[in-house]
Amino acid sequence: MVFSDTTTNLGIVQQVRDFMRVDSSQWATSKIVNSVNNYLDTVTGYAIGADRRFQWDDTNHTALPEGTTDLTANQSDYSFLTDEQGNRILTLTRIDVKDSDGNWVQLKPIDQFEVDGALDEFYSTPGEPKYYDKIADNIIRIYPKPLNSVTAGIKFYFQRTPSYFAATDTTKQPGVAPMLHRGFVIAAAYDGAMTLGLPNLQPYLLNIKKNKRR
């Protein structure tokens, strides 16, 4: 389902207004954009939390959810906040590093509570990295810290924020499964109806619950 289609009136924007029984002067496109993007965040949260064996990503993104950064000698902490397009990284799914022979090696995730003894003594001598610990939002600590610097020596895989809509979008579709597109109409219509104080909100809620069960 495209975002806006003034020819067929079957876009998300047009269906939202039909559902609410309002026109563009009563409910601006910018307000529909806000509701659709909020619902996109909700769907993204469900998708990421549903199954870690499937790394969901918005189909509107043009680059794969992976990137590289330099491995720096004697540096143990690295942060991964955004991808190359500026999308916020929500969660890291895997970390690989290059070893001294130039081969990629997967780091094993570890938590500080699994380490017996003082953390400062855990693999305290620089060498070939073996483990990583997520110590904050998308900040990792590598054990042991690398002995040598390697350009683009860390490869990280992640899940990120969705591709959001703008008021100027027309043919762009939500980057989720097509059977979920109707949910964007219902959620945005509910937001508008609640804000404007329109009657009979119960049908909107019932439709939202049906879409969440899909």
Review point. Would L64 and Y157 satisfy side chain to side chain contact (heavy atoms under 4.5 Å, CB included), going step by step from the backbone distance to the final call?
Key: CA-CA 9 Å; L64 292 174; Y157 301 80; over 6 Å; no
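- Under the rule for a ring-ring contact (aromatic ring centres under 6.0 Å, His included), the partners of F158 that lie at least two apart in sequence or sit in another chain are F156.
- Residue pairs meeting the ring-ring contact (aromatic ring centres under 6.0 Å, His included) criterion with at least one member in residues 47-75: none, sequence neighbours excluded.
- In this structure a side-chain-to-backbone donor-acceptor pair under 3.5 Å is missing from R94 to Q106.
- When side chains are defined from C-beta on, Q159 does not count as touching P65, because their heavy atoms never get closer than 4.5 Å.
- A cation-pi arrangement is present between R182 and F19, with the terminal nitrogen or guanidinium carbon under 6.0 Å from the aromatic centre and inside a 45° cone about the axis.
- In this structure, D41 places its CG atom where more than 12 heavy-atom neighbours from other residues, nucleotides or ligands lie under 6.0 Å away.
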Point to revise | side chain to side chain contact (heavy atoms under 4.5 Å, CB included) between I154 and I95, worked out | key: CA-CA 7 Å; I154 299 179; I95 303 290; 4.1 Å; yes
Exercise for review: Evaluate the side chain to side chain contact (heavy atoms under 4.5 Å, CB included) criterion for residues I186 and Y39: first the C-alpha distance (whole Å), next the side-chain angles of each, then the deciding distance (0.1 Å), finally the verdict.
Suggested key: CA-CA 10 Å; I186 297 167; Y39 190 67; over 6 Å; no
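- N60 and D58 share a donor-acceptor pair across their side chains, judged by distance under 3.5 Å alone.
- A side-chain N or O of E128 and one of S100 form a donor-acceptor pair less than 3.5 Å apart.
- The closest donor-acceptor contact from the side chain of K98 to the backbone of K155 lies at 3.5 Å or more, if one exists at all.
- A donor and an acceptor atom, one from each side chain of T195 and K31, are nowhere located under 3.5 Å apart.
- Both V22 and F184 are part of a single hydrophobic cluster, where members link through side-chain heavy atoms under 4.5 Å apart.
- Counting heavy atoms from C-beta on, the side chains of L119 and D133 never come closer than 4.5 Å.
- Taking 4.5 Å as the limit, some side-chain heavy atom of T29 sits within range of a side-chain heavy atom of F3.
- Proximity of I142 to Y123: side-chain heavy atoms (C-beta onward) are nowhere separated by under 4.5 Å.
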Point to revise | side chain to side chain contact (heavy atoms under 4.5 Å, CB included) assessment of I32 paired with F165 | key: CA-CA 10 Å; I32 298 175; F165 287 93; over 6 Å; no
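- No continuous path of ILVMFWY side-chain contacts below 4.5 Å connects F80 to I135, so the two sit in separate hydrophobic clusters.
- A donor-acceptor pair under 3.5 Å links the side-chain atoms of Q173 to the main chain of M1, judged by distance alone.
- By the rule that hydrophobic residues join a cluster once side-chain heavy atoms approach within less than 4.5 Å of another member, Y132 and Y78 end up as members of one cluster.
- Distance alone, capped at 3.5 Å, is enough to place a donor-acceptor pair between the T161 side chain and the R88 backbone.
- Atom CD of E121 is separated from atom CG of D116 by 13.5 Å, given to the nearest 0.5 angstrom.
- Put simply, the residue from N87, D83, T91 that forms a side chain to side chain donor-acceptor pair (under 3.5 Å) with R160 is D83.
- Side chain of Q14 to main chain of D5: a donor-acceptor pair is present (N/O by atom type, distance under 3.5 Å, no hydrogens or angles).
- Contact between A63 and D57 at its shortest, heavy atoms only, is O-OD2, 4.4 Å.
- Considering only heavy atoms from C-beta on, Y143 stays 4.5 Å or farther from P129 through its side chain.
- Shown here for S149 and A73, the closest heavy-atom pair between the two residues is OG-N, 2.9 Å.
- Between V176 and Y46, every side-chain heavy-atom pair lies at or beyond the 4.5 Å cut-off.
- For D70 and T72, the side-chain atoms include no donor-acceptor pair closer than 3.5 Å.
- For the atom pair CD1 of I140 and CG of L92, the computed distance is 7.0 Å after rounding to the nearest 0.5 Å.
- Taken from CG in D96 to CG in L107, the straight-line distance is 7.0 Å, to the nearest 0.5 Å.
- Taking CD of Q26 as the reference point, atom CG of L198 lies at 8.5 Å (rounded to 0.5 Å).
- Between the S79 side chain and the I139 main chain, no donor and acceptor come within less than 3.5 Å of each other.
- When the shell of 6.0 Å around CG of D111 is examined, it contains more than 12 heavy atoms from other residues, nucleotides or ligands.
- The environment of K172 atom NZ is dense: over 12 non-hydrogen atoms of other residues, nucleotides or ligands sit within 6.0 angstrom.
- The 12-atom threshold is exceeded at CD of E114, counting heavy atoms of other residues, nucleotides or ligands nearer than 6.0 Å.
- Atoms CG and CD1, on L10 and I12 in that order, are 11.5 Å from each other to the nearest 0.5 Å.
- Within the 3.5 Å criterion, the main-chain N or O of V2 finds no donor-acceptor partner in the side chain of H181.
- Taking CZ of R141 as the reference point, atom CG of D77 lies at 4.0 Å (rounded to 0.5 Å).
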